[in-house]
Amino acid sequence: MPRQQEMAALICQLAPQEGHTQTLLDGVRLMRADRPLGRTPVLYEPSIVIVCSGHKRGYLADKIYRYDAQHYLVLSVPLPFSTETDASPDEPLLAVSVDLEMTSVADLMMDLRRDAPTPPRPMPPPVGIVSTPLDVTLADTTIRLLRALRSPLEARVLGPGIVRELTFRVLLGEQGGAIQAALASHGNFGRIARALQRIHSDYAASLDVGTLARDAGLSVPAFHVQFKAVAATSPIQYIKSVRLHHARLMMIRDNLTAAGAAAKVGYESASQFNREFKRFFGRSPGEEAREMRSAFALMAPAQLEALALPH
């Protein structure tokens with residue numbers, strides 16, 4: 001409890017307002033909610049999310065992932081899913097999100113392999129998302145990171161090393177083997193992970209499943225099966241959800257019309273975009289943009305972007 005209390009006090013100091021706050025370190029954001037939030041579609045990038053107060057639940061297909069003061073969440077691939085938040089003014093949701101920087105992760109995994117026993121232990125099956133218990137060592141590392149973020153000098157000098165240590169602790173954690181297997185990008189999981197990254201990079205381009213399957217070295221039926229095993233949805237639905245999330249961001253951040261956002265993310269038909277947007281978010285594009293602008297009117301553009309895209 002003392003660790004959670006210190007983490008909560010530090011996040012409250014660094015993030016006095018609701019929403020997402022960009023810290024002094026790129027790739028490290030703080031999350032705060034003083035009220036419950038119903039089930040909402042989100043798009044998470046590969047990241048580590050550590051909660052010290054309040055409760056969140058992630059829903060992907062038929063599975064529920066809990067992250068709270070006792071559990072943290074790790075995503076090894078970008079995934080659209082939905083989340084639900086339990087929070088109140090007395091027990092707000094307070095969390096820190098750390099992006100998984102793949103170059104740093106690759107260096108860490110090389111170090112881990114170098115010191116692995118011979119013969120190496122068999123690697124467990126890879127996973128795209130996992131909720132796992134927060135141990136004392138990782139909690140202490142998180143506290144040191146939050147302390148460093150109060151000072152520009154400490155954030156610049158100490159912060160990157162603490163982020164590296166935090167990632168290292170996650171890779172050695174209870175389910176670190178499955179996370180390492182995913183990040184190693186071997187086999188069919190690796191083929192699908194690269195396809196997901198391509199979709200995120202080229203979401204506005206004309207993407208067809210046949211080309212994605214061919215680039216992954218799989219037949220179209222095999223690609224569908226392997227894709228759903230990783231992302232819990234079909235390739236077409238995944239592409240659609242990524243485009244809709246980006247369109248929502250453009251309408252909120254850049255004040256684009258629904259038609260303008262639809263064209264920028266690759267829709268040829270504005271009416272089709274409107275139908276699919278309402279089906280996905282539960283509101284029309286105009287209603288969603290107005291609600292989001294009203295709810296987060298005081299947030300800076302960088303904070304709004306963090307809210308609308310990664311979490």
Side-chain angles (χ1 to χ4, degrees), residues 40-47 58-61 75-83 99-103 126-129 182-254 256-282 284-285 288-289 305-306 308-311:
T40 306
V42 295
L43 177 63
Y44 274 40
E45 299 289 346
S47 56
Y59 298 90
L60 185 64
L75 288 98
S76 56
V77 292
L79 283 178
F81 59 114
S82 61
T83 64
D99 289 349
L100 280 172
E101 205 284 308
M102 291 307 164
T103 302
V127 293
I129 179 172
L183 294 171
S185 290
H186 292 155
N188 286 331
F189 188 98
R191 293 186 179 97
I192 299 305
R194 288 187 286 274
L196 299 182
Q197 293 292 352
R198 180 181 173 187
I199 293 168
H200 275 257
S201 300
D202 301 334
Y203 62 86
S206 178
L207 295 168
D208 67 274
V209 177
T211 300
L212 292 171
R214 187 168 57 253
D215 290 347
L218 295 168
S219 68
V220 171
F223 183 76
H224 271 276
V225 170
Q226 297 299 330
F227 195 101
K228 192 159 189 178
V230 174
T233 189
S234 70
I236 293 297
Q237 289 301 318
Y238 187 95
I239 294 167
K240 186 184 301 182
S241 65
V242 170
R243 285 174 171 166
L244 291 172
H245 276 288
H246 279 276
R248 182 176 71 157
L249 171 61
M250 291 172 185
M251 288 187 293
I252 298 165
R253 182 192 61 194
D254 303 329
L256 287 186
T257 63
K264 276 191 170 289
V265 299
Y267 274 86
E268 296 180 359
S269 166
S271 60
Q272 180 187 0
F273 170 78
N274 289 337
R275 286 194 304 273
E276 293 183 352
F277 190 102
K278 186 168 185 178
R279 192 178 305 125
F280 190 77
F281 289 108
S284 71
E288 177 71 5
E305 181 165 351
L309 264 184
H311 301 299

Can you sort out the partners of Ala229 under side chain to side chain contact (heavy atoms under 4.5 Å, CB included), two or more places apart, ordered by chain and number?
none
Side chain to side chain contact (heavy atoms under 4.5 Å, CB included) against Ser82, all qualifying residues, sequence neighbours excluded
Arg39, Tyr59
Spacing of OH belonging to Tyr238 relative to CG belonging to Leu79, to within rounding of 0.5 Å
6.0 Å
Would you say that Ser241 contacts Pro41 through its side chain, given a criterion of any heavy-atom pair below 4.5 Å between the two side chains?
no
Close side-chain approach of Ser234 and Lys228, heavy atoms under 4.5 Å:
no
Heavy-atom pair of closest approach, residues Ser284 and Lys278
N-CG, 4.1 Å
Could you state the interatomic distance from CG (Asn188) to CD (Gln226), rounded to the nearest 0.5 Å?
4.0 Å
Contact summary for Ala247 and Ala261, nearest pair of heavy atoms
O-CB, 3.8 Å
side-chain contact (heavy atoms from CB on, under 4.5 Å), that's the test. Do Asp254 and Leu249 meet it? Break it down for me.
CA-CA 8 Å; Asp254 303 329; Leu249 171 61; over 6 Å; no
Can you check side-chain contact (heavy atoms from CB on, under 4.5 Å) on Ile239 and Tyr203, steps first, answer last?
CA-CA 7 Å; Ile239 294 167; Tyr203 62 86; 6.0 Å; no
Can you name the nearest heavy-atom pair linking Phe273 to Ala262, along with the distance?
CG-CB, 3.4 Å
Residue pairs passing the salt bridge (Lys or Arg N to Asp or Glu O under 4.0 Å) test where at least one lies in residues 235-247, sequence neighbours excluded:
Lys240-Glu276
Residues in side chain to side chain contact (heavy atoms under 4.5 Å, CB included) with Ala195, at least two apart?
Phe223
Close side-chain approach of Asn274 and Pro285, heavy atoms under 4.5 Å
yes
Determine, stepwise, if the pair Thr83 / Tyr44 fulfils side-chain contact (heavy atoms from CB on, under 4.5 Å).
CA-CA 10 Å; Thr83 64; Tyr44 274 40; 4.0 Å; yes
Roughly how far, to the nearest 0.5 Å, is the CD1 atom of Ile192 from the CG atom of Leu218?
6.0 Å
Which pair of non-hydrogen atoms, one from Ile252 and one from Ala289, has the smallest distance, and what is that distance?
CG1-CA, 4.3 Å
Minimum heavy-atom distance between Leu244 and Phe281, given as atom pair plus value
O-CE1, 3.8 Å
When rounded to the nearest 0.5 angstrom, what distance separates OH in Tyr267 from CD in Gln272?
6.0 Å
Heavy-atom closest contact (Arg191 atom, Ala216 atom, distance)
CD-O, 2.7 Å
Is there a side-chain contact between Phe227 and Leu196 (heavy atoms, below 4.5 Å)?
yes
Is any side-chain heavy atom of Ile129 closer than 4.5 Å to one of Phe81?
yes
Kindly indicate, with the supporting measurements, whether the criterion side-chain contact (heavy atoms from CB on, under 4.5 Å) is fulfilled by Glu45 and Leu75.
CA-CA 7 Å; Glu45 299 289 346; Leu75 288 98; over 6 Å; no
Please, which pairs that meet salt bridge (Lys or Arg N to Asp or Glu O under 4.0 Å) have at least one residue in residues 260-270, sequence neighbours excluded?
none
Under the salt bridge (Lys or Arg N to Asp or Glu O under 4.0 Å) definition, can you give me all pairs with a residue in residues 198-215, not counting sequence neighbours?
Arg198-Asp202, Arg198-Asp215
Gap between atom CG of Leu256 and atom CE of Met251 - 0.5 Å precision
8.5 Å
